[in-house]
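Down below is the structure, laid out as structure tokens.
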Amino acid sequence: MTSLSVVPSPAKLVRAFFRAIPAAVALATFVHLAQGGFRGLHTLGWTEAALVVGLLVGIGMAAWRRAMRSSVGAVIDLRDDLELGGGLISAAFIVVAIGGGELFPIVYLLMAFLVAFLPRNAGMTLLGIALVYDGLVTLGGPVVNVTGFLTHTLFLALFAGLYHLVLSARMAVAKRAESDAVQKRIREVEERARTFRLVSSGTQDSFSGMNSDEKWLVASVKEIEGAVHAALEIAETGLRTDTCAAFLLTSDDRSLKLYDCRSASERVQREKFNAGEGIIGGVLKRRAPVRMNSPQGLKGVTYYEGGGPTVQALLAVPILEGSGLVRGVLVADKLKNEPFTDQDEKMLTTIAGEVLRSIEVERVMSYIRKTRDEKDRFFRAIEELNRAGSPDQVFVAVLEATRQLAGLDFCAVTLVSEQEGKRVHRVMRMTGVTAQGKALEGRTFQDNNGLVANVVRYGAPLPGRDIKAMDRQVIFDEETQVRGLGALKIFPLVAGDRILGTLVAGSRKKTAFEQDVLRMIEVIAIQAAQAVLRAQLYEQMERMATTDGLTGLLNHRTFQSRADEILAQARRYNRKCSIMLTDVDHFKSVNDTYGHPTGDQVLKGVARIIKTLARDTDVVARYGGEEFVMVMPETDVQGAKIIAERIREAVMAEVFQTEMGPLRITMSLGIATFPDNAMEKQQMIDLADQCLYHSKRNGRNQSVTVAQMQGGRKLQAVAE
């Protein structure tokens with residue numbers, strides 16, 4: 001019988017050798033100290049010099065290893081701590097052995113540092129190592145200094161003990177500070193609750209001993225804070241402002257206070273200021289938006305502290321309730337003389353309405369919460385809606401909330417859109433249906449006389465009469481029938497002056513829709529509409545921020561961050577990763593000969609081909625101009641070469657139809673692989689770029705790896 005043995009690979013043996021250097025050098029220093037080494041400058045020789053150099057190298061390697069493990073999120077284990085700490089202790093005792101006992105405070109300081117910043121087990125182990133070293137220095141020399149050793153031991157232990165005492169004291173102080181911060185936050189929430197009219201401003205509400213109410217108020221204010229913060233983010237991105245802020249009237253309606261802002265300036269007023277002064281005061285009095293700009297700077301800007309920036313363009317809109325009552329103002333400004341447009345004013349006015357609607361919805365919820373404690377499910381449903389980050393998450397949340405609130409048997413959400421000037425309805429999500437009914441999700445139907453279409457048309461809930469009189473009424477379209485319902489109600493999803501779709505609720509029970517249930521579902525429909533609108537705005541803004549407008553691929557900035565994530569994963573799990581850079585050959589001549597519209601058509605076609613041939617895990621982006629980049633995780637150089645050749649051949653086979661006749665193009669591609677060619681992202685990009693231009697210099701229409709490029713250079717050097 002032949003036995004098989006596993007032989008470590010050369011790479012693993014090399015890594016193991018280098019990993020052993022810090023511990024080996026520290027141990028060698030330990031032994032040399034025990035044998036009487038480093039007993040003064042006159043005793044230093046080549047052995048001591050070699051040990052010092054090796055010790056410095058070991059400390060550097062241990063520190064570098066810790067830094068690399070931290071950068072990829074790996075766990076720092078006990079061995080890492082002991083390698084670095086042992087090296088530092090060895091270096092400190094070498095200094096003490098050479099310079100004398102007067103330098104021993106260096107060891108105290110080092111131990112205080114190590115015990116303070118390393119885990120307890122590592123700190124205590126290093127303390128023991130330091131005591132052993134001290135014994136070698138003070139007891140192993142010609143003169144045995146027992147008193148000195150005991151003194152050093154006492155002080156080293158004292159430093160370690162004092163650390164734990166100081167740490168405990170700091171934790172107690174931090175705990176008290178945290179408790180004070182919580183109480184302060186509760187008081188702030190109480191004041192903001194009065195600002196939002198969630199509680200009466202004329203009563204002295206106390207939250208002491210009311211844990212459930214405290215939690216509710218915090219949740220309500222947080223919901224509003226989240227909505228306002230999201231709205232300001234959208235406004236800042238859409239209007240390209242220097243400052244975008246929401247100021248709300250205090251409970252006495254005499255002062256304004258900053259609620260939230262997005263600003264590069266630190267001079268925005270954080271304290272209350274008079275609501276009747278300056279430009280903002282005019283907005284509140286007139287209850288109308290104000291747009292102003294001046295290259296010399298605007299006067300009457302009261303929402304900055306003294307020494308604030310000079311505002312040259314300003315847009316302010318009031319936050320108005322339906323009754324005309326002013327609740328605050330949204331302000332957007334620019335430090336450059338770039339006037340705001342009518343479209344900007346419309347956008348900020350819409351966002352102001354969004355802020356107000358957030359407050360109004362929370363006010364309605366507060367009323368329901370106070371008067372009907374048993375409706376906790378209603379509030380959990382609203383929270384789920386507010387946490388939903390995408391339209392699909394909103395659909396799931398609203399259907400689940402509606403179904404649970406009224407014990408419904410059937411729910412659906414539809415959205416409406418305009419296509420070629422005609423309304424088109426789409427069933428987005430359904431619950432309480434069979435598998436056959438579930439297949440209707442995603443189905444579209446044209447505008448008709450069904451209930452869903454009429455709700456969108458009139459903006460009012462339907463039906464308005466008993467379901468018995470309309471058992472054959474069309475809900476969606478003629479081809480979609482819902483049978484067996486005893487009660488049905490369809491609510492419009494209204495966001496401002498837009499109707500986004502409908503919420504369809506049905507039950508087999510005829511008495512399912514009592515008045516309070518209808519009101520709660522109505523509120524959920526309002527909140528769902530706001531959530532859908534926010535999610536759509538976020539998706540739109542995210543697409544604008546992360547994708548290239550011409551090709552639809554990721555843009556350069558997003559590619560950089562995604563590449564960092566993929567390379568971090570490759571480092572952590574020791575996997576391959578390749579980057580490919582591509583460039584359209586003679587693209588300038590395409591633009592010059594066929595025109596820029598044709599050039600854009602070519603770029604779109606190339607982007608489509610690369611995206612089609614890329615795998616789901618690959619990241620494809622437009623790098624700039626006619627250059628594209630692709631990051632391929634879990635891909636070695638051979639796999640990357642295969643993908644590159646497929647793309648190159650597909651581009652070469654593509655025929656672009658132009659006004660001047662058919663057009664064919666080719667591409668050059670460069671490939672670099674981690675960790676074979678480089679360890680860092682920028683190094684890989686630079687190497688891929690060099691391979692790309694090597695391809696162009698040597699005939700174009702080819703993909704080149706780093707090995708091929710280096711081999712070509714060697715052949716060229718030999719030829720020369």
Inset, instruction - Start with the C-alpha distance between Q690 and D686, add both sets of side-chain angles, then the distance that settles side-chain hydrogen bond (donor to acceptor under 3.5 Å, both in side chains), and finish with yes or no. - result: CA-CA 6 Å; Q690 293 172 25; D686 292 341; 6.0 Å; no
Inset, instruction - Show your working on side chain to side chain contact (heavy atoms under 4.5 Å, CB included) between S668 and T582 and close with a plain yes or no. - result: CA-CA 6 Å; S668 299; T582 74; over 6 Å; no
Inset, instruction - Go through the steps to decide whether V706 and C691 satisfy the test side chain to side chain contact (heavy atoms under 4.5 Å, CB included), and finish with yes or no. - result: CA-CA 6 Å; V706 173; C691 293; 3.8 Å; yes
Legend entry - Audit row: V620, F628, side chain to side chain contact (heavy atoms under 4.5 Å, CB included) steps and yes/no: CA-CA 7 Å; V620 184; F628 299 89; 5.6 Å; no
Inset, instruction - Could you go through the side chain to side chain contact (heavy atoms under 4.5 Å, CB included) check for I566 and M632 one step at a time? - result: CA-CA 9 Å; I566 293 173; M632 296 170 279; over 6 Å; no
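Applying the side-chain contact (heavy atoms from CB on, under 4.5 Å) rule to D583 yields the partners E626, E627, L692, K696; only residues at least two apart in sequence or on another chain are considered. Partners of Y623 under the ring-ring contact (aromatic ring centres under 6.0 Å, His included) rule, at least two apart in sequence or in another chain, are H556, F559. Scanning for salt bridge (Lys or Arg N to Asp or Glu O under 4.0 Å) contacts around R646 gives an empty result, with sequence neighbours left out. Take E233 and apply the side-chain hydrogen bond (donor to acceptor under 3.5 Å, both in side chains) test, not counting sequence neighbours, and it matches H229, Y538.
Within 6.0 Å of atom CZ in R240, 12 or fewer heavy atoms from other residues, nucleotides or ligands are found, so the atom counts as exposed in its surroundings. For R262, the CZ atom sits in a packed shell: over 12 heavy atoms of surrounding residues, nucleotides or ligands are nearer than 6.0 Å. By the 6.0 Å contact criterion, CD on E271 is open, its count of non-hydrogen atoms from other residues, nucleotides or ligands being 12 or less.
You'll find the side chain of M667 reaches within 4.5 Å of the side chain of V606, heavy atoms only. The shortest side-chain heavy-atom distance between S263 and D242 does not fall under the 4.5 Å cut-off. Using a 4.5 Å heavy-atom threshold, the side chains of D618 and P633 count as touching. In this structure, the side chains of Q269 and Y304 stay at 4.5 Å or more apart for every pair of heavy atoms. Using a 4.5 Å cut-off on side-chain heavy atoms (C-beta onward), Q708 and T705 make contact. Taking the side chain as every heavy atom from C-beta outward, H586 and R700 approach each other to under 4.5 Å. Residues I671 and V704 form no side-chain contact, since every pair of their non-hydrogen atoms from C-beta on lies 4.5 Å or further apart. Taking the side chain as every heavy atom from C-beta outward, L550 and L603 approach each other to under 4.5 Å.
K641 and S703 share a donor-acceptor pair across their side chains, judged by distance under 3.5 Å alone. Judged purely by distance below 3.5 Å, without hydrogens or angles, the side chains of D564 and Q560 never pair a donor atom with an acceptor atom. Counted by atom type alone, R648 and N701 present one or more donor-acceptor pairs between their side chains at under 3.5 Å. N698 and Y693 share no side-chain donor-acceptor pair at under 3.5 Å. Using modelled atom types, one finds a donor on one side chain and an acceptor on the other under 3.5 Å when comparing T673 with S578. In summary, the side chains of R622 and T547 do not present any donor paired with an acceptor at a separation below 3.5 Å, with no hydrogens or angles considered.
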Considering only distance and modelled atom types, tabulate donor-acceptor pairs under 3.5 Å from the side chains of residues 607-614, sequence neighbours left out.
| unit_1 | atom_1 | unit_2 | atom_2 | d |
| --- | --- | --- | --- | --- |
| R608 | NH2 | E654 | OE2 | 2.9 |
| T612 | OG1 | R608 | O | 2.7 |

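For the pair D676 and K576, the salt-bridge criterion is met [side-chain N within less than 4.0 Å of a carboxylate O]. Remark: E565 does not engage K681 in a salt bridge, criterion side-chain N to carboxylate O under 4.0 Å.
Judged by distance alone, with hydrogens and angles left aside, the side-chain atoms of R575 form no donor-acceptor pair with the main-chain N or O of L567 at under 3.5 Å.
Listed by first and then second residue, the salt bridge (Lys or Arg N to Asp or Glu O under 4.0 Å) pairs that reach into residues 88-97 come to none, sequence neighbours excluded.
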